[in-house]
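Naming: A, B, ... by sequence-line order, numbering from 1 per chain.
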Amino acid sequence: MSTDWAALWPTFQTAILQTLIMAVVTIALGGLLGLLLGVALFTTRTGGLLENRAVNTVLNVLVNIIRPIPFIIFVTAIAPLTLRAMGTTIGTTAATFPLVIAATFGVSRIVEQSLVSVDPGVIEAAEAMGASPWRIVRSVLVPEALGPLILGYTFVFVAVVDMTAIAGAVGGGGLGDFAITYGYHRFDWAVTWVAVAAIIVLVQLAQFSGNALARKALRR
Amino acid sequence: MSASTLTAPSAEAVSEDQLIARIANVSKVFGRGDSAHTALEEVTLDIPRGEIFAVIGYSGAGKSTLVRLLNGLERATSGTVTVDGTDITALAGKPLRDVRRRIGMVFQQFNLMRSRTVVGNVSYPLELAGMDRAEREDRVAQLLSFVGLLDKAWSYPEELSGGQKQRVGIARALATQPDLLLADESTSALDPETTRDVLGLLRRVNEELGISIVVITHELEVVRSIADRVAVLDGGRVVETGLVRDVIGTPQSPTTRRFLAAATGSSSNEALRQHLPKDLQGTLVSVTVGDERRLGRTLSAAAREHGVDFEILRGGVTELKAETLGSFTLALTGSADAVEATVRALRGIGTAEVIS
């Protein structure tokens, strides 16, 4: 059996585009929400800028419940929610909903960890200068943790590409769906490998850009 | 000397409007229940405007907590803290932040932002104050020139030495023209030479800019070289306070004596006795004088008038901020009356304490 590349090519292009859309929307939206959640986790800690034990406990429990759920189960588990929010559970747009939620919780821990690396003395200095908590978050915490944050987001981006492949299995389209439908189900290994190669290129590009940006932020 | 004289206000007690800060009956307890730890206990301090006020104590004495009360980074469990006439004890949120903008703070570990250049660090408090860019640039240039770091304006903190970092820290603390500067162990991470430079800079801040400074330290050297007044803190209590001259010249508390002994390498009176020749005659007297030249004259006169022999067993002269302080241990030999008359004469020029 020989692969009909000419017939597959448009489908392949669409799959790449779908993966890119899912990954970029997820990292943008989930990244932003995760940043807010991560900042909340960090600042409400004991001794934090907005120390609040109750809020911190609730957030921690929430993150600890959602984050470990395997994504393929998570997608199906929140399908009713996806249906209400997006009007459908099928397609690339619908798939971004569980992706964004999962990414938000994943990013929040990465953000929290990056912020922990900021010298508490610098935060105290900003407090002593009369900076408000929100101002300290914007002008001290995020800039001071920028290097680790960029590396963390790069890590999450690669994980998100992984998740988009799973989203494909439940109707999200993308390279994962392409590899399964036209490769695996047709016993056409060449197609699977092409999909794998595309994903590798995408991940390499992301990691390379992330490293370059982080180096710039860290000035080394 | 009775205990009450230890913390009694000195002769030059000042009226309220001459104070930059007042800490009144402040206690600070961390934690609750069984894990509660009292960091400060009934601390009362009057900090005069325009002076350099040092708080000295060993680690764990409560110094850092004390200085953080003054800008509200720590909240008193009881008692009141007044800064520049404002009771800050109950302040929170924006009013407290506004007070903090009038108080500069310098830290042991400098606490500069790694992501900002020297200029960026110094201009940060000006950004908080809402100053526009052009004004900020002028002010930062002024400040960097004052601390002697114009050539490092575009360097990042990691490219600076410890002393340079602390200069940046001081420039940043001065940016908003505060009335009060808090220096928390500001030289403890520096080598002796750099320490002298930074202390010199703090003196200039006090003398040229007229800014009151509270210096927290565990080094007597810092107190000696720049402070006007000192409070000795031990176990969360002020055990002694007064003019540096008085506290160092005639230490009343064991804590102060320990600091002095550690700083001069000298030993207690008991230990001194053991080192003296067994056949040494006479009465041991410890003398402290502000002007050591008068000691010789007074002693020669006493020797002539009362027929007393004297021997200087040990002693030295300490350089203080604006004066010198001599402390000597003498052995006086002569009749009881003669010795007593000599001690009286010595008290006329300083303090004299009969050890044995």
Options A/Pro143, A/Ala128, A/Ser139, A/Pro120, ranked by heavy-atom pairs under 4.5 Å with chain B, top entry: A/Ala128
Sub-4.5 Å side-chain heavy-atom contact between A/Met129 and B/Pro178: no
Heavy atoms from other residues, nucleotides or ligands near CZ of A/Phe155 exceed 12 (cutoff 6.0 Å): no
For chain A, which residues of residues 139-156 of chain B have heavy atoms nearer than 4.5 angstrom: B/Tyr156
Heavy-atom closest contact (B/Arg116 atom, A/Glu144 atom, distance): N-OE2, 4.5 Å
Atom group of B/Leu96 that falls short of 4.5 Å from chain A, counting heavy atoms: neither
Interface residue of largest heavy-atom contact number with chain B, from A/Gly130, A/Ala125, A/Gly121, under 4.5 Å: A/Gly130
Crowding at CZ, A/Phe208 (>12 non-hydrogen neighbours, <6.0 Å): no
Residue-level interface, residues 119-133 of chain B with chain A, non-hydrogen cut-off under 4.5 Å: B/Tyr124, B/Pro125, B/Glu127, B/Leu128
Atom pair CD (A/Glu124) and CG (B/Asn71), whose distance is rounded to the nearest 0.5 Å: 8.0 Å
Interchain contact, B/Met113 with chain A, by part (heavy-atom threshold 4.5 Å): both
Interface moiety of B/Arg102 toward chain A, non-hydrogen atoms closer than 4.5 Å: neither
Nearest non-hydrogen partners of B/Arg97 and A/Pro133, listed with the distance: NH1-CD, 3.9 Å
Region of B/Leu112 in contact with chain A, defined by heavy-atom distances below 4.5 Å: backbone
